[in-house]
Amino acid sequence: MGSPTESYVRLSLNEDLVRSNEQVYAPHFVSVLDPSLLGEVDVTAGIPEGGWLIVNTVMNQLDIQDIVKRKDLNIATIDATRIALDILGRNITNTIILGALVRVSHLFTIEELSDAIMMRFKGEIAGKNIKAIQQAYEETCIYEIGKDVDFFVHTKVPWQQVDLGLPGYKELDKAGVWYCDENIIQVGSDQVNTGSWGEWEILWDKDTCTDCAQCWYICPDFAIIREKGDDGLWHMAGIDIYHCKSCQNCLNICPVNAITKRMKQGPASCAAPEESGGN
Ligand code: SF4
Ligand code: SF4
């Protein structure tokens, strides 16, 4: 109910964790929760031929083709708003549209999705969401073009920064600073004290750390500091508290629990009443 927002999910076919957390540039499936976005945002950008566009709408698929100006996509429609209002009593469609995603993708089952919903929600709310996704699964209208996206074809678009002719992750050291040859390029939030945003102080235990660099990959603010050692390689050196916004991504991914957290704020203290005045 504000500005158009995008979010991304990567699913792995094997049991490895998905390590890549940058924007998805070539999505196989795109779900659009609000049909008014179709004419406002290029929702099909990067979808390869045979990919799927899933839309919460009462329009038919041919009308959608006309709006997005692509005929090489499979399209699924679902009136998720009506289902949401009928079952949830509110126009919240983000779980409901997953019923349509299951129907066209076969990436997971309704039962698996229901289990996930029960882990996220409790009691009546979980029950209503499950009922809503089941209804969405059954009511989804499907328009197939006779081609399916090949999951095994490498459709990843090169990382944006590399495309711009700037150095890639191997040259990145710390928050918002890229080292390019001998030059330092200030980028991103380098000048912003994002470290004041979060409530946690993130702590790093040098002795436990195995220098695997997974925290550094996943930090959204380049707040993991690395230093070049005598061996010519970059090594984990600490947390840049000026930029660490305590999102805890690093803490969650560290395989050896070398990163922990503690509340920044101590117990509340009350000012003593002044001698004169006040009550
Ligand atoms: S808590 Fe978040 S911002 Fe801070 S160092 Fe870890 S990943 Fe980066
Ligand atoms: S993820 Fe953990 S072990 Fe790996 S470099 Fe970071 S702190 Fe060290």
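Every number for a ligand or one of its atoms is a count from 1 in the order of the listing. Position 1 is the first residue of the sequence, and the numbers go up from there. Heavy atoms only: backbone and side chains are in, while hydrogens, waters and symmetry mates are out. If you're wondering where the values come from, they're calculated on a predicted model, not measured in any experiment.
Among the backbone and side-chain atoms of Cys250, no N/O/S atom is found under 2.8 Å from atom 8 (Fe) of ligand 1.
Taking every non-hydrogen atom of Ile259 and a distance limit under 4.0 Å, the qualifying atoms of ligand 2 come out as 7 (S). Those atoms of ligand 1 that come under 4.0 Å of a heavy atom in Cys219, given as number and element, are 3 (S), 5 (S), 7 (S), 8 (Fe). Listed by number with element, the atoms of ligand 2 under 4.0 Å from a non-hydrogen atom of Trp204 are 7 (S). Shown in contact with Ile202 at under 4.0 Å from a heavy atom are these atoms of ligand 1, numbered in order with element: 1 (S).
Taking a 6.0 Å sphere around CD of Glu199, one finds it holds more than 12 heavy atoms contributed by other residues, nucleotides or ligands. Counting heavy atoms of neighbouring residues, nucleotides and ligands inside a 6.0 Å radius, atom CD1 of Ile125 does not exceed 12 of them.
A donor-acceptor distance shorter than 3.5 angstrom exists from the side chain of Asp211 to the backbone of Met236, with no hydrogens or angles considered. Side chain of Arg103 to backbone of Tyr137: a donor-acceptor contact under 3.5 angstrom is found. Although no hydrogens or angles enter the test, the distance criterion places no donor-acceptor pair under 3.5 Å between the side chain of Asn91 and the main chain of Leu85. Here the side chain of Asn74 pairs a donor or acceptor atom with the backbone of Gly50 at under 3.5 angstrom. With hydrogens and angles disregarded, no donor-acceptor distance shorter than 3.5 Å links the side chain of Thr44 to the backbone of Ile47.
In summary, of the residues considered (Ile253, Asn252, Ile224), a side chain to side chain contact (heavy atoms under 4.5 Å, CB included) with Ile218 occurs for Ile253 alone. With Val32 as reference, Leu53 is the one residue of Ile54, Leu53, Ile64, Val41 to meet the side chain to side chain contact (heavy atoms under 4.5 Å, CB included) rule.
Within the 4.0 Å heavy-atom criterion, the part of Gln248 lying near ligand 1 is the backbone and not the side chain.
Residue-and-atom listing of protein N/O/S atoms under 2.8 Å from atom 4 (Fe) of ligand 2, sorted by chain and number: Cys212 SG.
At a cut-off of 3.5 Å, with distance as the only test, no side-chain donor of Thr77 or Asn60 sits close to an acceptor on the other residue.
Scanning all protein heavy atoms for the shortest distance to atom 3 (S) of ligand 1 gives Lys245 N, 3.5 Å. With hydrogens left out, the protein atom closest to atom 2 (Fe) of ligand 1 is Cys247 SG, 2.3 Å, a heavy atom. The protein heavy-atom contact nearest to atom 4 (Fe) of ligand 1 is Cys244 SG, 2.4 Å.
A continuous path of Ile, Leu, Val, Met, Phe, Trp and Tyr side chains, each step under 4.5 Å between heavy atoms, connects Leu98 with Val104, placing both in one hydrophobic cluster.
For the pair Ile224 and ligand 1, a heavy-atom separation below 4.0 Å is found.
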